[in-house]
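Shown next, in structure tokens, is the structure this report addresses.
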Amino acid sequence: QVQLVESGGGLVQTGGSLRLSCAASGRAYGNYGMGWFRQAPGKEREFVATITGNGPKIYYADSVKGRFTISRDNAKNKVYLQMNSLLPEDTAVYYCASNRCSFPTTRLNDYDYWGQGTQVTVSA
């Protein structure tokens, strides 16, 4: 059974940094694309960043481009999201997810397994 477990969330001031981690188990992790999404209260879940299994190819939402960096360590079965220059509008629950696509995808429906989420709160 595939499991994704996020960690690293917390409370940070505007301009601060956090590094989220996602530990994956249950399948040949290196063959699959991974993504980060977030959901703020009262809003729909939105795409943040994705990285393919091979290449890798990376794609970011415009709102985080230049501030966030996604990476993966296939030997450790982990994917990371380094978040710098955080803003109050980055406050949300952040989810890690995996997909079967060979190309970078932003579509929620392309992701078949999801973690439980980790809260990120950025104070003004």
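Start at 1 with the first residue, then count along the sequence.
- Heavy atoms only, all atoms of each residue included: Ser102 and Thr52 are closest at O-CG2, 3.8 Å.
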Practice prompt. Run the numbers on Tyr60 and Asp62 for side chain to side chain contact (heavy atoms under 4.5 Å, CB included), then give the verdict.
Written response: CA-CA 6 Å; Tyr60 296 100; Asp62 287 343; over 6 Å; no
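- The minimum heavy-atom distance linking Ser98 with Leu4 is given by the pair N-CD1, 3.8 Å.
- The shortest heavy-atom contact between Met34 and Cys22 is CE-SG, 4.2 Å.
- Proximity of a side-chain donor or acceptor of Arg45 to a complementary backbone N or O of Ala40 within less than 3.5 Å is not detected.
- Between Leu81 and Val48 the shortest side-chain heavy-atom distance falls below 4.5 Å.
- For the pair Arg72 and Tyr80, the cation does not sit on the ring face, since its NZ or CZ is not both under 6.0 Å from the ring centre and inside 45° of the axis.
- Listed here is the closest heavy atom pair of Leu18 and Val12: CD1-CG1, 4.1 Å.
- Nearest heavy atoms, Lys57 versus Pro104: CB-CG, 3.6 Å.
- For CD of Glu44, the number of neighbouring non-hydrogen atoms (other residues, nucleotides, ligands) closer than 6.0 Å is 12 at most.
- Note that OG of Ser17 and CZ of Phe68 are 9.5 Å apart. Values are rounded to the nearest 0.5 Å.
- With sequence neighbours excluded, no residue satisfies ring pair (Phe, Tyr, Trp, His ring centres under 6.0 Å) with Tyr94.
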Fill in: side chain to side chain contact (heavy atoms under 4.5 Å, CB included) assessment of Tyr32 paired with Tyr113
CA-CA 11 Å; Tyr32 294 89; Tyr113 289 98; over 6 Å; no
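- Side chains of Thr105 and Asn99: no donor on one and acceptor on the other come within 3.5 Å.
- Just one residue in the list Val120, Asp90, Val93 forms a side-chain contact (heavy atoms from CB on, under 4.5 Å) with Arg38, and that residue is Asp90.
- To the nearest 0.5 Å, atoms CZ (Arg19) and CE (Met83) are separated by 11.5 Å.
- The distance from the CG atom of Asn77 to the CD atom of Gln3 is 12.5 Å, given to the nearest 0.5 Å.
- Ring centroid separation for the pair Tyr111 and Phe37 comes in under the 6.0 Å cut-off.
- Rounding to the nearest 0.5 Å places CZ of Arg107 at 7.5 Å from SG of Cys101.
- Not counting sequence neighbours, the partners of Arg100 by the salt bridge (charged side-chain N to carboxylate O under 4.0 Å, His left out) test are Asp112.
- Counting only residues at least two apart or in different chains, side chain to side chain donor-acceptor pair (under 3.5 Å) contacts with residues 115-124 comprise Glu6-Gln116, Gln119-Thr121.
- The number of heavy-atom neighbours closer than 6.0 Å to NZ of Lys65, taken from other residues, nucleotides and ligands shown, is above 12.
- Criterion: ILVMFWY side-chain heavy atoms under 4.5 Å apart, direct or through other members. Under it, Trp36 and Val2 are part of a common hydrophobic cluster.
- With Val79 as the partner, the side-chain contact (heavy atoms from CB on, under 4.5 Å) test is satisfied by one option alone out of Thr50, Ile51, Leu20: Ile51.
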